[in-house]
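Just so it is clear, the values below take in all heavy atoms, side chains as well, and ignore hydrogens, waters and symmetry mates.
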Amino acid sequence: QVQLVESGGGLVQAGGSLRLSCKASDMVFVINVMEWYRQAPGKERELVASINRASITNYGDSVKGRFTISRDNFKNLMYLQMDSLKPEDTAVYYCYARSLSNREYWGQGTQVTVSS
């Protein structure tokens, strides 16, 4: 069964770093786009970063210059390197993937908490 599983969340002080991972397990379809979203309590979900199979990336304005998205196509892994973290980055981070045939998958989320 295809599943997305996030890992790497946790508690970090402002200015610190974390790296999130997303693994697409039992993948039988070719993944086209992979993305990270986040949602803080009382806030709307927002797109954090996106990457396609050619490793072309896009970032939300709030994280540009601080976060880096990358992927390993063969291993069906995606990463989000988060540097210079701020308290406003505190949220549940979700992995999203879409196949070439437009099948969509979501992870269950991983909590990132940045303390001041």
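- Of the possible donor and acceptor atoms, none in the side chain of Asp72 sits under 3.5 Å from a partner among the backbone N and O of Asn76.
- Listed for the Lys23 side chain is a donor-acceptor partner under 3.5 Å among the backbone atoms of Lys75.
- Within 6.0 Å of CD on Glu104 lie more than 12 heavy atoms contributed by other residues, nucleotides or ligands.
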* Arg53 and Arg71: side-chain contact (heavy atoms from CB on, under 4.5 Å), yes or no, with the steps? -> CA-CA 8 Å; Arg53 285 187 57 81; Arg71 66 188 290 177; 3.9 Å; yes
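- Judged by distance alone, the side chain of Ser50 and the main-chain N or O of Thr57 form no donor-acceptor pair under 3.5 Å.
- Going from atom CD1 of Ile31 over to atom CG of Asn52 covers 12.5 Å, rounded to the nearest 0.5 Å.
- Other residues, nucleotides and ligands contribute over 12 non-hydrogen atoms within 6.0 Å of the CD atom of Gln111.
- Between the side chains of Arg98 and Tyr96, at least one donor-acceptor pair of N or O atoms lies under 3.5 Å.
- Met82 pairs with exactly one of Val114, Thr68, Asp89, Val112 by the side-chain contact (heavy atoms from CB on, under 4.5 Å) rule, that one being Val112.
- Under the 3.5 Å distance criterion, with hydrogens and angles disregarded, no donor-acceptor pair is assigned to the side chains of Ser99 and Asn32.
- Side-chain atoms of Tyr59 come within 3.5 Å of backbone N or O of Ile69 as a donor-acceptor pair.
- Inter-residue side-chain proximity for Met78 and Ser21 is flagged as unmet; no heavy-atom pair is nearer than 4.5 Å.
- Using modelled atom types, one finds no donor on one side chain facing an acceptor on the other under 3.5 Å when comparing Ser17 with Arg66.
- For the pair Arg38/Val48, a side-chain contact is recorded, criterion being any heavy-atom separation below 4.5 Å from C-beta on.
- You'll find the side chain of Glu46 reaches within 4.5 Å of the side chain of Ser62, heavy atoms only.
- A donor-acceptor contact shorter than 3.5 Å links the side chain of Glu6 to the backbone of Gly109.
- Side-chain contact check for Tyr79 and Arg19: no donor-acceptor pair (N or O, by modelled atom type) lies under 3.5 Å.
- Between Leu4 atom CG and Tyr105 atom OH the span is 8.5 Å, to the nearest 0.5 Å.
- Donor-acceptor pairing under 3.5 Å is recorded for the side chains of Asp83 and Gln81.
- Atom OG of Ser7 and atom CG of Leu20 lie 8.0 Å apart (nearest 0.5 Å).
- Applying the ring-ring contact (aromatic ring centres under 6.0 Å, His included) test to every pair with at least one member in residues 31-53, sequence neighbours left out, gives these pairs: Tyr37-Trp106.
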* **Criterion side-chain contact (heavy atoms from CB on, under 4.5 Å) on Val33 and Ile51, from CA distance to verdict** => CA-CA 6 Å; Val33 174; Ile51 186 168; over 6 Å; no
